[in-house]
Every structure is written in structure tokens, then in C-alpha cells.
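Let me begin by presenting the structure, written as C-alpha cells, before commenting on it.
Chain identifiers are assigned alphabetically (A, B, ...) following the order of the sequence lines, protein sequences preceding nucleic acid strands; residue numbering begins at 1 within each chain. As the structure is a computational prediction, the values presented were derived from the model and not from experiment.
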Amino acid sequence: DTAVSQTPKYLVTQMGNDKSIKCEQNLGHDTMYWYKQDSKKFLKIMFSYNNKELIINETVPNRFSPKSPDKAHLNLHINSLELGDSAVYFCASSQGAQETQYFGPGTRLLVL
Amino acid sequence: KQEVTQIPAALSVPEGENLVLNCSFTDSAIYNLQWFRQDPGKGLTSLLLIQSSQREQTSGRLNASLDKSSGRSTLYIAASQPGDSATYLCAVKRSGGYNKLIFGAGTRLAVHP
């Protein structure tokens, strides 16, 4: 069973479009995260939710809007996509804010 | 501001060698340090987590050490195998606050037969 899953795995789209990436975890964790890995392979946190409440919001353009319908899901919606948004986006989860984070397989976004 | 640096950026070794990957961080006020493995096209797998009060952790052929005062950690891989080929990432979590991991850029390891 996949612990943290993301859909889609690949996403190719045009500039200006709006897209969503979905994340689900079946580990029963209460905290979920979104990370961005750029072309230089640096992983940087974007958002974190604890029990559906936003607790970390890094300096991310407001075109990015996370939504957590329940503790097991954290979706990422991106408006007006730009070339610089091309990256791999990883979802992760943990039980509590102090424990090991478990990562999903990543969503490879390419904006043309 | 916490910065994490990993050296070397890439490493190619013959099978069977013992090797050391290095990680350094600028702010010693960390809660824990974690080593991850990333395979091409896949997510991250947690290998070892060292709490700030610990000096080392071991799992199979892997041993990670932590010297918080000097801002350094090493990942030792014994008797390397081709299956160890991957990118190894070091991440630190600062003391206090939420579970925000700061990652290094990784060391890309290739173990050839």
C-alpha cells in the first residue's frame, strides 16, 4: 500500500493555465506538507497543515493555494502558471510536528 | 538563517568501498537531523534520524553521526553496493517552531560493479 500518494505524476501545461495537484496519505498522520524541488535539486518547504490548519506558509506567491479538506488530504492549486513554476512538487506527512516526515513520489510539473 | 551544505556534490566509487558523505549546517540550534535517499523519479526515503541529544544512529550498513557544536554530520556507508546508487539528502529541523526541514542540495552517489 502506498503511504503517501500524489496525482498526477506528470503534468505538462501551458503558461497561464490553472492546475491542481492532489495528495493523500493513509498513515493516519495529522500533519502534511508541500515541498518544491527546483532544477538545482534544492528541496524547499512551501506549506504545512496540522489538523487541516495552516501552520507553515513560506514566501510563496499567492498564486499557490493549498487546501486541506480533511487530515488525510492536502491539495495544491496553482493559478496562472509561469515558466518558473516548473519543478518537482513533493507532498509529505508526519504524526505531529516533531516526527519523521514521509514523502510521496513527487509530481513533475513542466510549464511551457 | 539556517543553511545546509553537502560535500561532495557527486561521488563515483567501485563496489565494496566504504564511503563518507558530509553535511554541514550553519545554525547549531537544531532539533534533529535526518538523512534521506532519493532515487531518480521517485520520492524521498528516510534513512536515519538523529535527535540533537544523540551522537549517532545506525541502520544496517549505514551509520550517521552528529556533532551539533561544530555543525557537522556524516553518513558512513559500509561495503557499498550498486543498489546504493542514489542521491543522499541531509535535512535539519531547527529547535522550536514547527516541523520545517531545511535541506542540503544532496550528494549524488554512483556505485559501479
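Around the CZ atom of B:R61, the shell of radius 6.0 Å holds more than 12 heavy atoms that belong to other residues, nucleotides or ligands. By the 6.0 Å contact criterion, CZ on B:R108 is open, its count of non-hydrogen atoms from other residues, nucleotides or ligands being 12 or less.
When each of B:L44, B:I102, B:L101 is checked for a side chain to side chain contact (heavy atoms under 4.5 Å, CB included) with A:L43, only B:L44 meets the rule.
Residue pairs meeting the salt bridge (charged side-chain N to carboxylate O under 4.0 Å, His left out) criterion with at least one member in residues 65-84 of chain A, sequence neighbours excluded: A:R63-A:E82.
Separating the CZ atom in A:F103 from the CD atom in B:Q38 is a distance of 9.0 Å, to the nearest 0.5 Å. One distance of note links NZ of B:K42 with NZ of A:K9; it measures 7.5 Å at 0.5 Å rounding.
Summarising the geometry of B:A105 relative to A:F42, their closest heavy-atom pair is CB-CZ, 3.6 Å, with the distance given to 0.1 Å.
Hydrophobic clustering, with ILVMFWY side chains joined whenever heavy atoms are under 4.5 angstrom apart, keeps B:Y88 apart from B:I7.
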